[in-house]
There are 2 protein chains.
Amino acid sequence: MKRSLETIVYKKDTEALAKFAKVLGHPTRIAILKHLESATCCHTGDLVDVFPLAQSTVSQHLKELKNAGLIQGELNPPKIKYCINQENWNVAKKLFQDFFD
Amino acid sequence: MKRSLETIVYKKDTEALAKFAKVLGHPTRIAILKHLESATCCHTGDLVDVFPLAQSTVSQHLKELKNAGLIQGELNPPKIKYCINQENWNVAKKLFQDFFD
DNA sequence: AGTTCTTATCGCAAATGTACGATAGGTAAA
DNA sequence: TTTACCTATCGTACATTTGCGATAAGAACT
């Protein structure tokens, strides 16, 4: 990508909203989140069973959701239990609410 | 991308939400939409002045927003006036609202 | 120690996204 | 018709994303 020299700086809210939107911009991740909402919590393996995707692929999506802060995983050896991160979920919710008027 | 043979089919709402989110997943496009919200309408040239981006790049972002249905352009020769497409805007709004509880 | 179970990470391939300059297209006015 | 203006599209380069299989990492049990 030929980029201009300086990176464009946007308002914090704009950056934050775009970051959340980007992570939501894939149907699998939306579906994972919906699943986590309804199931309260679940393990990676459960999700691998739900989607016709490789385990590594599901794990990657979970990683991105975790990086964005939308989910969190707590150890429950040898499994990991993933849940919605309610705090950041509300942050994202508010950003979208404000954006859409 | 080595893909599995069959494409995964998601629920309609999931697909639609992901599509909107994807388009919102870039700070420039968020900023463009915010600008269009406040200015009611504006021309491509105005946006080119606002962002330190090439005219072709801005045009490309506008095209994606148009493809997603979030904006529409009406001819106002030799300029084009871009506005929020309120109908689809409301569709997106509702999808995000429902998603976030 | 080794075994098993679960999940993360690595390395690769292919697709998609982002940005630019250059060029084309379309309209209005000279 | 030529000129000027505004916008879209083309072609290109590089970055990022997506997906897979293979491998590593960690904990619990034998």
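Everything numeric here is computed off the predicted structure, so don't read it as measured data. Labels below follow one simple rule: chain letters A, B, ... track the order of the sequence lines, proteins then strands, and each chain is numbered from 1.
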Enquirer: I want to check one thing: is the phosphate of D:dC20, taken as OP1 and OP2, less than 4.0 Å away from some side-chain N or O of A:Thr57?
Expert: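 Result: yes.
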
Enquirer: Take the protein atom CG of B:Leu62 and the nucleotide atom C1' of D:dT9, then report the distance between them rounded to whole Å.
Expert: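 Rounded to the whole Å, the gap is 14 Å.
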
Enquirer: Answer with base, sugar-phosphate or nothing: what part of the nucleic acid does A:Ser59 contact at a heavy-atom distance below 4.0 Å?
Expert: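 Base, at least one base heavy atom under 4.0 Å.
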
Enquirer: Write down the distance between CG (A:Asn67) and C1' (D:dT18), rounded to a whole number of angstrom.
Expert: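 Distance, rounded to whole Å: 15 Å.
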
Enquirer: Is the shortest side-chain N/O distance from A:His61 to OP1 or OP2 of D:dG19 below 4.0 Å?
Expert: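 Yes, because at least one side-chain N or O of A:His61 sits under 4.0 Å from OP1 or OP2 of D:dG19.
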
Enquirer: Whole Å only: how far is the CG atom of A:Leu65 from the C1' atom of D:dT17?
Expert: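 My rounded result for the distance is 14 Å.
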
Enquirer: Should A:Ile84 and A:Leu70 count as side-chain neighbours, where that means a heavy-atom distance under 4.5 Å?
Expert: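 No, their side chains stay 4.5 Å or more apart.
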
Enquirer: Just the rounded figure in Å: distance from P of C:dC12 to CD of A:Gln60.
Expert: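 Taking CD of A:Gln60 and P of C:dC12, I get 15 Å after rounding.
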
Enquirer: Which atom names give the shortest non-hydrogen contact between A:Cys42 and A:His35, and what distance separates them?
Expert: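 Looks like SG-ND1, 3.8 Å.
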
Enquirer: Go through D:dT7, D:dC20, C:dT7 for me and flag the one nearest to the A:Leu53 side chain.
Expert: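 Closest nucleotide among those given: D:dC20.
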
Enquirer: Considering only side-chain heavy atoms of A:Lys22, which listed nucleotide, D:dT18, C:dA8, D:dT17, is closest?
Expert: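 Closest of the options to the side chain of A:Lys22: D:dT17.
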
Enquirer: Check for a donor-acceptor pair, side chain of B:Asn88 on one end and backbone N or O of B:Gly69 on the other, with a separation under 3.5 Å.
Expert: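 Pair found, side chain donor or acceptor close to backbone of B:Gly69.
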
Enquirer: Checking all strands, does B:Gln55 fall into the base, sugar-phosphate, or nothing category for heavy-atom contacts under 4.0 angstrom?
Expert: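 The residue B:Gln55 makes base contact.
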
Enquirer: The side chain of A:Arg29 lies closest to which of these nucleotides: D:dT18, D:dG21, D:dT7?
Expert: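 My answer, after comparing the listed nucleotides, is D:dT18.
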
Enquirer: For the pair made of NE2 in B:His26 and P in C:dT16, what is the distance, rounded to whole Å?
Expert: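 Interatomic distance, NE2 of B:His26 to P of C:dT16: 18 Å.
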
Enquirer: Would you kindly give the CD-to-C1' distance between B:Glu64 and D:dT7, to the nearest whole Å?
Expert: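 These atoms are roughly 16 Å apart.
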
Enquirer: Side chains of B:Leu53 and B:Val48: does their closest heavy-atom pair fall under 4.5 Å?
Expert: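 No, too far: nothing below the 4.5 Å cut-off.
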
Enquirer: Grab the CD1-P distance between B:Ile32 and D:dT7 for me, whole Å please.
Expert: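 Going from CD1 in B:Ile32 over to P in D:dT7 covers 13 Å.
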
Enquirer: Taking for each residue the nucleotide of DNA chain D with the nearest heavy atom, is it A:Ser56 or A:Gly25 whose nucleotide lies nearer the 5' end?
Expert: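 Nearer the 5' end of the strand: A:Gly25.
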
Enquirer: Establish, with yes or no, whether the OP1 or OP2 oxygen of D:dC6 is under 4.0 angstrom from a side-chain nitrogen or oxygen of B:Tyr82.
Expert: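 Indeed not, no polar side-chain atom of B:Tyr82 lies that close.
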
Enquirer: Answer yes or no: are there more than 12 heavy-atom neighbours, outside A:Asp101 itself, under 6.0 Å from its atom CG?
Expert: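 Counting neighbours around CG of A:Asp101, 12 or fewer heavy atoms of other residues, nucleotides or ligands fall under 6.0 Å, so no.
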
Enquirer: Rounded to the nearest Å, what distance is computed from the NZ atom of residue B:Lys81 to the P atom of nucleotide C:dT27?
Expert: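 My rounded result for the distance is 18 Å.
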
